[in-house]
2 protein chains.
Amino acid sequence: MAPTRWGFVSAGRISNEFKIALDTLPQDEHQVVAVAARSLESAQKFAKTHDIPRAYGSYAELAAQDDIDAVYIGSIHTQHAPVTTMMLQAGKPVLCEKPMAVNSREARQMIGLAKEKGIFFMEGVWSRFFPVYLKAREIMDSGGIGDVKLVTACFGFPKGEEPRMKERSQAGGSLLDLGFYPIQFANFVFKGEEPEDVTVSGHLTNEEVDETVSIILKYSGNRMATLVCCMSSLLANEAYVYGTKGTLKIPSFWSPQELVAPDKTHKFPLPPPGKPINYFNATGFRFEAMEVRRCLQEGLKESPLMTHAMSLQIAGILDRARKVVGVVYDQDKE
Amino acid sequence: MAPTRWGFVSAGRISNEFKIALDTLPQDEHQVVAVAARSLESAQKFAKTHDIPRAYGSYAELAAQDDIDAVYIGSIHTQHAPVTTMMLQAGKPVLCEKPMAVNSREARQMIGLAKEKGIFFMEGVWSRFFPVYLKAREIMDSGGIGDVKLVTACFGFPKGEEPRMKERSQAGGSLLDLGFYPIQFANFVFKGEEPEDVTVSGHLTNEEVDETVSIILKYSGNRMATLVCCMSSLLANEAYVYGTKGTLKIPSFWSPQELVAPDKTHKFPLPPPGKPINYFNATGFRFEAMEVRRCLQEGLKESPLMTHAMSLQIAGILDRARKVVGVVYDQDKE
């Protein structure tokens with residue numbers, strides 16, 4: 001099989017991680033052929049660090065290349081909608097970092113375009129493809145914890161002073177960056193089911209973005225999820241799935257190496273990174289990349305593990321939560 | 001100093017625990033002089049097991065004794081208000097098991113009566129007096145975790161099939177029995193402060209009592225608590241206090257022996273029970289008993305660690321939560 005030839009949008013921190021994760025996979029399966037940034041200089045610097053053949057100073061140049069099988073979009077999330085649109089218009093399959101959009105409206109448009117064009121598109125919910133998640137699914141589906149009754153997950157880091165977290169003009173706040181993870185976890189456990197009820201409470205920073213938010217989701221059949229995100233404190237960052245017969249605990253559930261199940265603790269160690277990384281367990285991006293390659297090879301337009309409907313469901317909850325806590329972005333006004 | 005002479009209301013499981021905990025304290029400080037139950041037979045049986053001099057087949061007989069310094073009320077919670085009222089009317093200081101009442105109205109009446117009579121009254125929130133809580137208070141007050149931003153606590157046991165949990169006529173459901181604990185924990189951390197906002201979601205069993213409930217409390221100064229109780233699954237049953245500079249983790253926070261603080265894990269082992277116990281860490285009731293004795297000796301009418309106002313604040317949240325999930329007891333209709 002031919003290698004999947006990746007083009008990178010953005011030469012920032014997250015692109016760095018994704019590249020280092022790709023480097024843990026066979027080179028005849030994944031290659032990065034080009035990187036584009038808003039400045040040619042930073043694209044060239046990134047290309048040099050990572051031995052990428054071509055560097056561009058605009059995303060449009062990348063979109064024009066005809067030897068790219070998949071575009072990885074690692075830009076700031078306010079750019080996800082316009083850049084994804086550009087790439088889909090150019091016929092490129094897209095893996096777009098989470099959150100795929102600033103709100104549901106953007107998400108619907110992006111997914112609508114992908115469907116219209118018949119092009120593969122996936123939101124980069126990397127957590128979803130870790131072996132821990134696959135094992136958890138297997139245990140839940142086989143009744144290993146009885147009937148699932150409750151999910152709890154919290155995610156918080158003291159990131160409130162980072163400009164992209166702090167500023168409303170950058171669609172800052174804790175929900176889109178951090179809250180996304182517990183929400184996607186509930187979405188994972190309940191297989192994308194739409195909650196019957198979404199209850200939210202939270203508060204804003206002085207800059208009027210959300211600092212701490214709690215979300216209670218009620219699902220059919222008396223099942224619930226209680227989720228928290230916070231950008232002022234480091235939280236325990238664990239997820240639990242409570243069943244009538246047992247519990248699954250996933251430490252570091254956004255990029256886990258371990259699943260504490262009733263029978264035993266299942267361990268799935270990650271490969272070490274070949275270069276310095278910025279984020280915890282970043283080589284775990286490899287699983288998401290493997291899924292993209294699999295989908296492209298099989299001609300799928302979306303991943304069954306992270307469907308368009310799931311992305312829209314998560315975006316909808318984020319919208320509702322932001323509305324309750326009172327955060328309005330410019331994008332929401334359009 | 002003379003020993004504190006206790007009279008017990010109820011010869012049930014919780015009275016058993018309280019007696020065994022008293023037995024871990026010096027006998028010249030705590031003595032149980034009488035036990036009353038609804039049946040003389042069970043009072044006598046309890047008295048025999050625990051070497052208690054006198055047994056009565058009615059609570060009124062106990063109320064009439066003049067050698068009792070404090071009454072411990074360990075009956076089912078629907079009986080707390082009438083029995084506490086009887087004992088206060090008879091001039092007896094009262095330690096009443098949690099929840100002190102089925103609703104705020106009852107709680108206000110009970111506390112009103114204690115104040116009117118000028119008699120010591122305390123709700124038996126045993127957790128509050130464990131050394132772990134005192135140490136946590138010390139660390140929080142000295143800034144050891146920076147500014148407190150978020151409390152999380154969950155409490156759940158699969159008790160849904162127990163008649164007293166299951167039946168609405170017995171004021172069953174998870175909130176009063178289990179939810180009380182995370183709520184009292186938030187009340188402890190935030191020193192009885194009234195939340196600015198109480199947000200609740202939950203669902204009912206077929207018998208129309210609350211099975212799982214999540215409560216989000218918003219406090220002044222951008223501080224929050226996210227609490228969960230559940231009677232269908234065993235939860236992690238841990239409490240966290242997240243500050244801007246560190247975290248306190250309290251495993252088994254309803255009766256803890258351990259406090260995980262930023263500097264180290266503080267351990268406060270409990271004395272072993274002298275007889276078989278029903279509940280986890282039950283000898284920890286000793287701390288609550290010590291507090292009652294201290295308050296009586298100092299002539300206090302309420303404990304500064306578990307004030308009447310704190311009891312009313314907790315009862316108010318329980319009322320609001322039950323109302324949202326739609327549980328109405330007969331007592332609420334009066």
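Every heavy atom of this structure was used, including side-chain atoms; hydrogens, water molecules and symmetry mates were not. Here the structure is a predicted model, which is why all the values come from computation and not from measurement. Numbers restart at 1 for each chain; the letters A, B, ... are given by sequence-line order, proteins then strands.
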* Asked: Given that the side chain runs from C-beta out, which part of B:Ser214 has a heavy atom under 4.5 Å from chain A: side chain, backbone, both or neither?
  -> both

* **Residue among B:Ser127, B:Ser255, B:Pro256 satisfying side chain to side chain contact (heavy atoms under 4.5 Å, CB included) with B:Val132** => B:Pro256

* Asked: Do any of residues 157-185 of chain B come closer than 4.5 Å to chain A, heavy atom to heavy atom, and if so which ones, in number order?
  -> none

* Asked: Is atom CG of A:Asp141 surrounded by more than 12 heavy atoms (other residues, nucleotides or ligands) closer than 6.0 Å?
  -> yes

* What part of A:Ser232 is in contact with chain B, defined as an atom under 4.5 angstrom from a non-hydrogen atom: side chain, backbone, both or neither? -> both

* Asked: Is the shortest distance from a Lys or Arg side-chain nitrogen in A:Glu258 or A:Lys267 to a carboxylate oxygen in the other one below 4.0 Å?
  -> yes

* Measure A:Tyr240 against the heavy atoms of chain B and call it side chain, backbone, both or neither at under 4.5 Å. => side chain

* **Heavy-atom pair count under 4.5 Å with chain A, highest-scoring of B:Gly243, B:Cys154, B:Gly146, B:Cys230** => B:Gly243

* Contacting moiety of A:Asp197, where chain B heavy atoms sit under 4.5 Å -> side chain

* Asked: Can you name the nearest heavy-atom pair linking A:Gly246 to A:Ile145, along with the distance?
  -> O-CB, 3.3 Å

* Are the aromatic ring centres of B:Phe253 and B:Phe155 under 6.0 angstrom apart? -> yes

* Quick one: does A:Lys149's side chain get under 4.5 Å of A:Met224's, heavy atoms only? -> no

* Hey, could you give me the CZ/CD distance between B:Arg223 and B:Glu196, rounded to the nearest 0.5 Å? => 8.5 Å

* To do: Describe, in one word, how the ring planes of A:Phe130 and A:Trp126 are oriented to each other, choosing from parallel (under 30°), tilted (30 to 60°) and perpendicular (over 60°).
  => perpendicular

* Pick whichever of B:Thr199, B:Ile216, B:Leu227 has the most heavy-atom pairs under 4.5 Å with chain A. => B:Ile216

* Would you call B:Gln257 and B:Ser252 a side-chain contact if the rule is heavy atoms closer than 4.5 Å? -> no

* Structure fact -> Honestly, the part of A:Leu217 sitting under 4.5 Å from a heavy atom of chain B is neither

* Asked: Where does A:Leu234 contact chain B at under 4.5 Å (heavy atoms): side chain, backbone, both or neither?
  -> backbone

* Tell me whether the guanidinium CZ or amine NZ of B:Arg128 lies under 6.0 angstrom from the six-membered ring centre of B:Phe188 and within 45° of its axis. => no

